[in-house]
Amino acid sequence: MLTALKQHFRTWLFRRKIESGTIVLNQRRIFIIPTRQGFALAFVLILMLLGNINYSLSLGYALTFLLAMMAIMTMVYAFRNLAHLEVHAGRADAVFSGETAQFLLHFHNRSALARYQLCLTAKTTAQASLCFDIPARQDSVIAFPLPATQRGWLALGELKLHTEFPLGLFHAWSYLHFDTRCLVYPKPLPNAPLPPGNSPEGAGKHPITGDDDFAGLRNYVAGDAMPRIDWKAFARERGLQVKQFFTPTGDELWLDFSGTPDRTEEEKLARMVRWVLDAEAQGLRYGLRLPNSELPPNNSAAHRDECLRRIALFNLPQQVKI
């Protein structure tokens, strides 16, 4: 019963919720408590005050109250170090499993005070932490690192922005929870040859004469266009040689989930990620077949990203964007 009441009180006090847009750190959002050093200083000040009372030390009173005022001023400065900061979340580029996602956070400091020793810590993992400063009247973009351990959507989650500036006597903090997330692709296999295409050339590509890709040199034949002659090679006394260009075309390559030789679902998806990356790098027209969806063959960055997105979210429960 007591535990439930404490949890209800903490929920009511901190009022944590998922937010979008810009967050302004006003008085309601900033909390502050003494650190261990702060409590130790308070204990020493109490002992000093008792000694001054017992021995009627006038200079002792002055020193005690001077130290107490210094402690109160450090509390004010710790609060001012966070007060009226504006924060909003930017975009996070997709990453592969095992890499580190970089969530961009934009901090706007409109005051004439520089902000020092600000730290961001993720609630989900103690390893995700970052400290930085923000100059006066400037904006700063902070890339917050978060490990991506599995495929699917990786939410930024709740962050704690805190500081113990200037003397470490008080710990001031505020909670940030933005509705931003990052897509995590499966980690590709290091080596997975593409499946054979439908053409006898293999891999779904017929090289025909064209003007797209440089394919090497050949000896000059009467009637060849003059601009195709490699004059640099002629100057090196290599004879008349002509540049050849080819245009990739031909049958379409299908990347089929059912055609993977792996046993587990995750291994199959990792192989398909490698296929997509290699097919795109080789300029092939490729399509994607999954048990729950199909993409017609194409070749472009947008097509590659859509293929990787479908592979990353395959067989995962639908997630509402938070």
Side-chain angles (χ1 to χ4, degrees), residues 2-39 78-79 81-109 115-134 140-165 168 170-184 312-313 316-322:
L2 182 59
T3 303
L5 288 175
K6 289 172 64 177
Q7 183 62 33
H8 180 73
F9 175 74
R10 287 176 59 86
T11 303
W12 171 83
L13 177 63
F14 296 121
R15 301 183 186 87
R16 304 178 196 176
K17 62 179 181 179
I18 300 173
E19 298 174 284
S20 59
T22 300
I23 293 177
V24 180
L25 301 185
N26 52 30
Q27 292 88 338
R28 289 178 173 268
R29 301 188 65 104
I30 300 175
F31 308 92
I32 185 167
I33 60 172
T35 61
R36 292 183 178 179
Q37 294 85 347
F39 281 115
F79 172 82
N81 206 35
L82 292 180
H84 306 300
L85 272 178
E86 299 178 12
V87 191
H88 74 270
R91 65 189 301 269
D93 294 329
V95 296
F96 294 97
S97 179
E99 296 181 345
T100 300
Q102 300 291 337
F103 289 89
L104 298 183
L105 296 173
H106 299 263
F107 288 82
H108 306 278
N109 181 15
R115 314 303 176 101
Y116 299 105
Q117 300 176 19
L118 299 178
C119 294
L120 274 172
T121 305
K123 181 181 179 181
T124 54
T125 171
Q127 298 177 350
S129 183
L130 181 67
C131 294
F132 54 94
D133 299 331
I134 303 178
S140 296
V141 180
I142 304 300
F144 184 76
L146 203 60
T149 56
Q150 59 185 10
R151 67 181 177 93
W153 289 112
L154 173 65
L156 176 58
E158 187 177 78
L159 299 178
K160 180 182 178 182
L161 178 65
H162 57 94
T163 182
E164 293 181 359
F165 177 82
F170 289 89
H171 182 83
W173 79 96
S174 182
Y175 292 110
L176 308 173
H177 199 169
F178 292 103
D179 59 342
T180 184
R181 59 184 182 174
C182 169
L183 184 58
V184 181
L313 300 179
L316 292 180
Q318 292 258 341
Q319 297 180 3
V320 180
K321 191 174 188 309
I322 60 173

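All values below come from the heavy atoms of this structure, side chains included, with hydrogens, waters and symmetry mates left out. The chain is numbered in sequence order, starting from 1.
Rounded to the nearest 0.5 Å, atoms CD1 (I30) and CG (L161) are 8.5 Å apart. Residue H84 holds its NE2 atom at 5.5 Å from CD of Q27, rounded to the nearest 0.5 Å. If you take OG1 on T163 and CG on N81, they are separated by 4.0 Å, rounding to the nearest 0.5 Å. How far CZ of F165 is from CZ of R115: 10.5 Å, rounded to the nearest 0.5 Å. One distance of note links CG of L176 with CG of L25; it measures 6.0 Å at 0.5 Å rounding. Separating the CD atom in Q117 from the CD atom in E164 is a distance of 8.5 Å, to the nearest 0.5 Å.
Within the 4.5 Å cutoff, no side-chain heavy atoms of T180 are placed close to those of L104. Side-chain contact between W153 and L183 is present, with at least one heavy-atom pair separated by less than 4.5 Å. At least one side-chain heavy atom of C182 sits less than 4.5 Å from a side-chain heavy atom of V95.
Of all non-hydrogen atoms in I32 and A78, the two that sit nearest each other are CD1-CB, 4.1 Å. When all heavy atoms are compared, the tightest approach of A122 to L146 is CB-CD1, 4.0 Å. Closest heavy-atom contact between P145 and A143: CD-O, 3.4 Å.
Not counting sequence neighbours, E99 has no partner by the salt bridge (Lys or Arg N to Asp or Glu O under 4.0 Å) test. Not a single side-chain hydrogen bond (donor to acceptor under 3.5 Å, both in side chains) links Q102 to another residue, sequence neighbours left out. Every residue was checked against the ring pair (Phe, Tyr, Trp, His ring centres under 6.0 Å) condition with F144, not counting sequence neighbours, and none meets it. Scored by the ring pair (Phe, Tyr, Trp, His ring centres under 6.0 Å) test, F132 finds F107 as partners (sequence neighbours excluded). Listed by chain and number, the residues in a ring pair (Phe, Tyr, Trp, His ring centres under 6.0 Å) with H106 are H88 (sequence neighbours excluded). For H162, the ring pair (Phe, Tyr, Trp, His ring centres under 6.0 Å) partners are H171, not counting sequence neighbours.
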Test L105 against F178 for side chain to side chain contact (heavy atoms under 4.5 Å, CB included), laying out the working first. CA-CA 10 Å; L105 296 173; F178 292 103; 4.1 Å; yes
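Around atom CD of E86, more than 12 heavy atoms belonging to other residues, nucleotides or ligands sit under 6.0 Å away.
A donor-acceptor contact shorter than 3.5 Å links the side chain of R29 to the backbone of Y175. Panel note: side chain S20, backbone D179; no donor-acceptor pair is recorded below 3.5 Å. Side-chain atoms of S97 come within 3.5 Å of backbone atoms of T149 as a donor-acceptor pair (strictly under, hydrogens ignored). In terms of modelled atom types and a separation under 3.5 Å, the side chain of T35 and the main chain of G168 share a donor-acceptor contact.
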